[in-house]
*Asks:* 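What follows is a single structure, and I will ask about it in a moment.
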Amino acid sequence: MKAATAESDMALEEYKRKRDFQKTPEPSPGRVLASAEKLSYLIQKHDATRLHYDFRLELDGVLLSWAVTKGPSLDPADKRLAVRTEDHPLSYGAFEGTIPKGQYGGGTVMLWDQGSWEPKGDPHAGLKKGHLSFILHGKRLKGGWNLIRMRGNEKRENWLLIKEKDADARLDGTDPDFLEDLSSSVKSGRSMDEIAGGAAPAQTK
Ligand code: MN
């Protein structure tokens with residue numbers, strides 16, 4: 001993988017504009033080299049105004065991001081709305097903690113899954129076309145997945161996150177409580193309440 005480029009600095013402008021790094025423990029977007037081999041993948045469960053799951057895929061030195069309101073489903077019949085949000089810095093992938101009230105995205109953030117992803121085919125072409133097909137190597141999500149952009153809406157990009165029919169899928173709602181059963185942090189084992197109750201991690205530069 002190549003190092004972060006001027007292009008990815010541009011991609012993080014919106015991320016910077018929305019946040020006050022004196023007030024939020026979230027990482028400020030320093031220049032970070034892209035990981036050496038594997039492209040990182042992660043999900044952060046985010047108890048903001050409305051609970052959602054932030055789905056992030058590393059590409060070109062940033063984390064492409066989608067907010068999945070209902071969270072992922074292992075049933076290929078479920079199409080989960082995934083609203084594209086601003087690119088995040090790679091360093092965001094390690095963030096777990098509480099964004100203060102009144103700040104952008106105020107609320108608790110839990111690292112819900114982490115690992116790597118493998119695009120099937122050229123991910124740049126897929127992004128442009130509005131169909132990303134990929135394999136997840138997470139601790140909780142595995143196997144084939146698709147993100148498909150819907151037509152319409154100019155204000156926001158609505159995509160659908162869909163599990164592929166493979167050995168990692170759960171057909172016909174055979175695992176309906178999957179999200180509830182996996183309610184602790186994949187990183188620290190803490191519940192949302194435990195993360196919320198803890199002190200915000202110290203800001204390191
Ligand atoms: Mn979020």
Side-chain angles (χ1 to χ4, degrees), residues 8 11-30 32 39-59 61-73 78-115 117 127 132 134 136 138-141 145 147-150 153 155-162 178-180 182-188 190-201 203:
S8 62
L12 295 174
E13 281 308 314
E14 188 180 353
Y15 176 86
K16 278 194 270 188
R17 188 162 46 72
K18 285 179 165 169
R19 291 170 176 80
D20 179 347
F21 296 103
Q22 303 297 324
K23 294 184 179 158
T24 178
E26 296 165 289
S28 61
V32 178
L39 293 169
S40 62
Y41 139 76
L42 62 121
I43 292 180
Q44 280 152 326
K45 186 175 176 180
H46 185 185
D47 190 11
T49 311
R50 201 195 255 184
L51 181 76
H52 60 273
Y53 292 74
D54 288 303
F55 185 91
R56 310 196 197 277
L57 299 175
E58 174 185 350
L59 191 66
V62 297
L63 292 169
L64 308 178
S65 299
W66 289 262
V68 186
T69 309
K70 285 189 166 176
S73 170
D78 289 336
K79 297 172 173 64
R80 291 290 160 90
L81 177 64
V83 178
R84 181 101 185 256
T85 56
E86 77 272 21
D87 296 342
H88 279 50
L90 289 183
S91 54
Y92 205 93
F95 178 70
E96 181 169 272
T98 300
I99 303 168
K101 265 191 189 154
Q103 297 303 302
Y104 179 71
T108 302
V109 175
M110 168 196 283
L111 254 170
W112 187 83
D113 197 16
Q114 58 186 171
W117 74 291
L127 266 184
L132 270 181
F134 51 91
L136 292 181
K139 291 186 178 122
R140 291 172 173 173
L141 299 191
W145 291 78
L147 269 167
I148 296 166
R149 190 172 59 219
M150 294 192 284
N153 213 324
K155 266 194 229 153
R156 50 179 215 179
E157 272 185 40
N158 290 336
W159 295 61
L160 297 171
L161 177 66
I162 307 166
F178 142 80
L179 285 178
E180 287 72 25
L182 298 172
S183 61
S184 62
S185 163
V186 80
K187 182 190 187 187
S188 66
R190 294 182 294 174
S191 67
M192 284 303 253
D193 285 348
E194 285 168 338
I195 296 168
Q203 181 82 28

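Both counts, for ligands and for their atoms, begin at 1 and track the order of listing.
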*Asks:* Strictly distance-based, threshold 3.5 Å: is any side-chain N or O of Arg80 a donor or acceptor partner for the main-chain N or O of Gly71?
*Replies:*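 Here the side-chain-to-backbone pair exists.
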*Asks:* Looking only at N, O or S atoms, find the one in His46 nearest to the Mn ion (ligand 1) and name it.
*Replies:*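 Atom name returned: ND1.
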*Asks:* Which atom, counting only N, O or S, brings Asp54 closest to the Mn ion (ligand 1)?
*Replies:*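 In Asp54, the N, O or S atom with the shortest distance to the Mn ion (ligand 1) is OD2.
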*Asks:* For the Mn ion (ligand 1), find the closest N/O/S atom on His52 and give its atom name.
*Replies:*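 Atom name returned: NE2.
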*Asks:* Got a salt bridge between Glu86 and Arg17, using NZ or NE/NH1/NH2 to carboxylate O under 4.0 Å?
*Replies:*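 Salt bridge: no.
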*Asks:* Is a side-chain donor or acceptor of Asp87 paired with a backbone partner of Leu12 at a separation under 3.5 angstrom?
*Replies:*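 Not a single qualifying donor-acceptor pair exists.
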*Asks:* With a 6.0 Å cut-off on ring centres, are Tyr92 and Tyr15 close enough?
*Replies:*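 Here the rings of Tyr15 and Tyr92 have centres that are less than 6.0 Å from each other.
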